[in-house]
Participant: 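Below you'll find the structure I mean.
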Amino acid sequence: MIAVGGALGAAARYGLAAIWPTPEGGFPWAIFAVNVSGCLLIGFLMALQPPTLARLFLGTGVLGGYTTFSAYALDFQRLISAARVDLALLYLFGTLVAALLAVQTGDLVARAVFAR
Amino acid sequence: MTLLLVLAGAALGAPARFLVDRAIQAWRGTAFPWGTFTVNVTGSFLLGLIAASAMATSKPLIALFGTGFCGAFTTYSTFAYQTLLLARHGSRSRALLNALGSVAAGLAAVYLGLLVARVLG
């Protein structure tokens, strides 16, 4: 189940990256959007206190496979080697801050909507 | 075809993350998310290794091992969620340590992977 969820999430990430390619030395918008939206969704999901199977399929599987830490780290290295230190740092800390705000926003929205 | 390779890699990477995370958490047994930290750092090392190896010139291999396996083995969503939990239930300093420590270690790992691939290749 985690395998199926992870494959679905990764396919969505792959699809978004394919239609939104990053030019050499450009800001990696696709992976940024994937990671931030995935964090928004996991904040929302976990606030609903889903049953274990739903948590494993949607959280560990789909959202875990959708978001990625390795591509984020490699994107930073590529920007540095393309001598775009400014963009690299903006991407590094921009993703981190946006992701943390997104997970908190997802959590708050779920709690507000479902009044838990 | 490429999509199928991404699916196959991720179908292995996501359960591998679950198993490694569970094993590390069972071993360490602390509130600090060492399991997610470990998968993110080792996955970043592997992707660095792949990116600087001969595999990098092969689109199918990058799709299978890079986009698929490493992409699904590592996670940003669980990392961010666990950081939120630390801030909420633990302490803000632990949350900050997890956030900045994971990013610093992940970057060091990607560079180490590139270095190892260049030395070996």
Side-chain angles (χ1 to χ4, degrees), chain A residues 1-15 17-18 31-32 34-43 45-47 56 59-78 80-81 88 92-93 95-104 106-107, chain B residues 2-19 21 36 39-48 50-52 63 66-85 87-88 95 99-100 102-103 105-111 113-114:
Chain A
M1 192 158 64
I2 293 170
V4 173
L8 289 175
R13 167 165 45 81
Y14 170 74
I31 296 298
F32 175 84
V34 160
N35 281 336
V36 175
S37 60
C39 287
L40 186 75
L41 291 172
I42 204 160
L45 172 74
M46 295 306 281
L56 289 179
T60 311
V62 177
L63 294 177
Y66 177 60
T67 62
T68 178
F69 199 92
S70 50
Y72 162 73
L74 188 65
D75 282 339
F76 172 84
Q77 181 273 332
R78 288 200 165 139
I80 292 288
S81 61
L92 191 74
F93 291 105
T95 300
L96 183 62
V97 171
L100 293 175
L101 287 175
V103 74
Q104 190 148 25
D107 178 85
Chain B
T2 309
L3 178 62
L4 286 180
L5 292 168
V6 172
L7 289 170
L12 291 175
R17 165 165 41 80
F18 172 73
L19 293 175
D21 176 55
T36 303
V39 295
N40 281 341
V41 172
T42 51
S44 297
F45 171 78
L46 281 176
L47 189 62
I50 290 166
T67 313
F69 185 86
C70 291
F73 183 64
T74 62
T75 175
Y76 217 93
S77 48
T78 303
F79 156 67
Y81 178 69
Q82 288 171 335
T83 304
L84 176 72
L85 286 187
R88 189 174 285 166
L100 297 181
S102 295
V103 169
L107 292 182
V110 104
Y111 276 96
L114 294 167

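Here is how names work: the chains are called A, B, and so on, in the same order as the sequence lines, proteins then strands, and each is numbered from 1.
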Participant: Check the pair Leu47(B) / Gln77(A) against side chain to side chain contact (heavy atoms under 4.5 Å, CB included), numbers first and verdict last.
Facilitator: CA-CA 11 Å; Leu47(B) 189 62; Gln77(A) 181 273 332; over 6 Å; no

Participant: For the interface with chain A, which of Ala51(B), Ala8(B), Gly71(B) has the highest count of heavy-atom pairs at distances below 4.5 Å?
Facilitator: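 Max contact count across the listed options: Gly71(B).
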
Participant: If you measure from CG on Leu19(B) to CD1 on Ile2(A), what distance do you get to the nearest 0.5 Å?
Facilitator: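 Leu19(B) atom CG to Ile2(A) atom CD1 measures 7.5 Å (nearest 0.5 Å).
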
Participant: What part of Leu41(A) lies closer than 4.5 angstrom to a heavy atom of chain B: side chain, backbone, both or neither?
Facilitator: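 Leu41(A) has no heavy atom closer than 4.5 Å to chain B.
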
Participant: When rounded to the nearest 0.5 angstrom, what distance separates CG in Leu114(B) from CZ in Arg78(A)?
Facilitator: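 One gets 8.5 Å once the value is rounded to the nearest 0.5 Å.
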
Participant: Identify which part of Tyr81(B) has an atom lying under 4.5 Å from any heavy atom of chain A, answering side chain, backbone, both or neither.
Facilitator: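 The answer is both parts of Tyr81(B).
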
Participant: Apply the test side chain to side chain contact (heavy atoms under 4.5 Å, CB included) to residues Leu96(A) and Leu100(B): give CA-CA distance (whole Å), side-chain angles for both, the deciding distance (0.1 Å), then the verdict.
Facilitator: CA-CA 9 Å; Leu96(A) 183 62; Leu100(B) 297 181; 4.1 Å; yes

Participant: Keeping the roles fixed (side chain from Ser70(A), backbone from Thr74(B)), state whether a donor-acceptor pair exists under 3.5 Å.
Facilitator: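 Pair absent, no side-chain N/O of Ser70(A) close to backbone of Thr74(B).
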
Participant: Between Ser77(B), Cys70(B), Ser44(B), which shows the greatest number of heavy-atom pairs under 4.5 Å with chain A?
Facilitator: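 If we count pairs closer than 4.5 Å to chain A, Ser77(B) comes out on top.
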
Participant: Pick from Thr68(A), Leu63(A), Val103(A): which one has the most heavy-atom pairs with chain B under 4.5 Å?
Facilitator: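 Max contact count across the listed options: Thr68(A).
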
Participant: Where does Leu12(B) contact chain A at under 4.5 Å (heavy atoms): side chain, backbone, both or neither?
Facilitator: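 It is neither, since no heavy atom gets under 4.5 Å.
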
Participant: What distance separates Tyr76(B) OH from Leu100(A) CG, expressed to the nearest 0.5 Å?
Facilitator: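 Output value for this atom pair is 7.0 Å.
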
Participant: What I'd like to find out is whether the side chain of Thr2(B) reaches to under 4.5 Å of the side chain of Tyr14(A), using heavy atoms alone.
Facilitator: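 A side-chain contact under 4.5 Å exists here.
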
Participant: To the nearest 0.5 Å, what is the distance between CE on Met46(A) and CG on Leu85(B)?
Facilitator: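 It is 7.5 Å, given to the nearest 0.5 Å.
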
Participant: Check Ala99(A) against Ala80(B) and note the closest heavy-atom contact, atom names and distance.
Facilitator: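 Nearest pair, atom of Ala99(A) first, then Ala80(B): O-CB, 4.2 Å.
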
Participant: Check whether Ser102(B) gets within reach of chain A through its side chain, its backbone, both or neither, counting any heavy atom under 4.5 Å.
Facilitator: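 Looking at Ser102(B), backbone and side chain both touch chain A.
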
Participant: If you measure from CG on Leu56(A) to CZ on Phe18(B), what distance do you get to the nearest 0.5 Å?
Facilitator: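 Spacing of CG (Leu56(A)) from CZ (Phe18(B)) equals 5.5 Å.
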
Participant: Can you tell which part of Thr95(A) gets under 4.5 Å to a heavy atom of chain B, answering side chain, backbone, both or neither?
Facilitator: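 For Thr95(A), backbone and side chain are both near chain B.
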
Participant: How long is the span from the CG atom in Leu107(B) to the CG atom in Leu74(A), to the nearest 0.5 Å?
Facilitator: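 Answer rounded to 0.5 Å: 10.5 Å.
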
Participant: Does the side chain of Val103(B) come within less than 4.5 Å of Phe76(A)'s, by heavy atoms?
Facilitator: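 No, too far: nothing below the 4.5 Å cut-off.
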
Participant: Show the nearest heavy-atom pair for residues Thr67(B) and Arg13(A), with the distance to one decimal.
Facilitator: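 What the structure gives for the nearest pair is O-NH1, 3.0 Å.
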
Participant: Could you check if a side-chain atom of Asp21(B) sits within less than 4.5 angstrom of a side-chain atom of Thr60(A), using non-hydrogen atoms only?
Facilitator: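 A side-chain contact is absent here, since even the closest heavy-atom pair is not under 4.5 Å.
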
Participant: Grab the two heavy atoms, one from Ala11(A) and one from Leu3(B), that are nearest each other, plus how far apart they are.
Facilitator: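 Looking at all heavy atoms of both residues, the closest pair is CB-CD1, 3.8 Å.
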
